[in-house]
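Report on the structure given below.
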Amino acid sequence: MARAQSGRVAHEPGSGPASPAAIQICEGTVRAMEPVTALAGDTVVDVTDILQQTQVMEVLDKLDRELVGLRPIKTRIREIAALLLVERMRSTVGLTARPPALHMSFTGMPGTGKTTVAMRMATILHRLGYVRKGHLVAVTRDDLVGQYIGHTAPKTREVLKRAMGGVLFIDEAYYLYRQENERDYGQEAIEILLQVMENQRDDLVVILAGYKDRMDTFFQSNPGVHSRIAHHLDFPDYTPDELLAIAQLILSDHMYRFSDDAVIAFRAYLERRMAMPHFSNARSVRNAIDRTRLRQANRLLARGGQITRDELMTLEGQDIRVSRVFRQTEPGGAATDA
Amino acid sequence: MPFHLTQGTFSYLPDLTDDEIRSQIEYCLDNDWPISVEYTDDPHPRNTYWEMWGLPMFDLRDPAGVMQEVQACRAAYPQHYIKVSAYDRTKGRQTTALSFIVQRPSRDPGFRLDRQETSDRKVRYTIHSYATDRPAGERFAE
């Protein structure tokens with residue numbers, strides 16, 4: 001096997017039995033690797049072994065496969081994974097350092113995959129042994145901030161306790177801070193959050209998410225939060241090609257497919273939809289597909305008679321073209337049906 | 001041998017270390033049992049319901065949150081008994097699944113046995129915690 005070939009650990013290669021560190025690296029489980037002190041400088045750690053133990057590559061590859069686009073995000077996640085892997089290797093040979101702070105902020109337009117990536121992040125951090133359980137607790141302002149004096153602190157603490165051992169994902173984090181009202185209880189939640197982010201780094205990872213511009217304002221008025229976040233990840237908007245790829249992914253998940261004509265129609269749809277207000281990337285794509293399925297079902301039923309399996313699977317161009325989006329940009333077009 | 005209160009699981013063992021407490025809590029959470037922290041300075045065996053330290057903790061995944069509450073309770077009541085109890089809500093059980101003491105006062109004089117003579121030479125027995133002779137809050141104080 002690969003492990004045998006790679007000459008996994010050799011202290012003074014070729015002479016004598018493997019050192020205690022060698023045994024530990026071969027047999028250590030994901031979390032139970034005691035640091036060994038005072039090892040010689042030529043002690044060897046094998047990367048393949050660590051990768052196999054953590055199976056982190058599997059998650060990273062899955063991330064690449066299942067999430068379309070998002071190049072900068074994927075690169076950063078790989079970097080973080082690499083850092084944590086190296087940290088593990090360092091600790092097996094007795095080099096200890098305080099675990100790096102991994103609080104993050106995810107900024108980007110709606111539907112760019114912030115929550116999805118956060119969920120994957122929890123799994124990755126768990127595989128790497130950075131968090132103990134690897135679950136994701138997603139909250140918004142309502143879950144943290146109370147309604148009357150003295151209500152906020154217990155509420156925030158409870159959420160933090162639930163998130164311990166995993167990742168706390170605060171969506172639309174800027175709502176925590178209400179500039180116009182200085183007696184707003186959000187400030188209290190932020191203070192408790194900061195305290196835990198600083199003192200209990202090994203208990204949980206906090207990810208703040210929201211739209212870019214509002215998050216920037218939030219960080220400006222809360223420099224303490226900004227400085228405690230090591231990784232600021234900005235999610236780019238998807239290109240039309242990426243959105244189409246996302247659509248295809250969603251369709252194959254639901255065992256549907258586009259006809260050739262539907263692909264052309266969907267491209268045209270995306271072009272128009274992207275120019276309209278409230279476009280929310282992948283979410284809009286998903287909604288559009290849901291509506292298209294609705295129209296397909298309607299079309300098939302209205303036609304009656306015998307329906308083939310292919311017909312049940314295929315979304316046609318006409319199902320897409322009756323969309324409101326086409327009507328609004330071409331007022332003369334399909335204005336006949338209400 | 002000094003008095004040693006034996007209530008709940010593990011009470012005949014030496015006191016659990018924090019790491020042992022943490023792994024017991026982990027066991028509870030893995031079983032999906034919500035956990036509560038309770039304290040008292042009246043350790044009479046019939047005093048079943050101790051004071052609650054905050055609300056029971058639901059939906060926790062990691063013992064760190066419970067340990068934090070245990071530490072906070074210890075800081076607030078350094079000379080009280082503190083116990084952690086886990087509740088099993090599954091149908092048919094719906095009861096305390098595990099309950100164990102996580103802090104004891106530094107010195108507990110224990111219980112006195114009272115004999116009360118009643119009619120017809122009958123004797124009624126009762127036990128009485130020496131600590132409760134003192135007002136609440138001052139019991140077990142050095």
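No experiment lies behind these values; they were computed from the predicted model shown. Order of the sequence lines fixes the chain letters, A, B, ..., with proteins taken first and strands second; residue numbering starts at 1 for each chain.
B/Gln94 CD: more than 12 foreign heavy atoms inside a 6.0 Å radius. Applying the 6.0 Å contact sphere to OH of B/Tyr27 captures no more than 12 heavy atoms from other residues, nucleotides or ligands. A 6.0 Å sphere centred on CZ of A/Arg65 holds more than 12 heavy atoms belonging to other residues, nucleotides or ligands. The number of heavy-atom neighbours closer than 6.0 Å to CG of B/Leu113, taken from other residues, nucleotides and ligands shown, is above 12.
To the nearest 0.5 Å, atoms CE (A/Met164) and CE (B/Met67) are separated by 12.0 Å. With rounding to the nearest 0.5 Å, the separation of CD in B/Glu69 from CD in A/Glu158 is 10.0 Å. How far CD of B/Gln68 is from CD of A/Gln200: 4.5 Å, rounded to the nearest 0.5 Å. In this structure, the separation between NZ on A/Lys161 and CD1 on B/Ile35 is 11.0 Å, given to the nearest 0.5 Å. Note that the NZ atom of A/Lys133 and the CG atom of B/Asp30 stand 5.0 Å from one another [nearest 0.5 Å].
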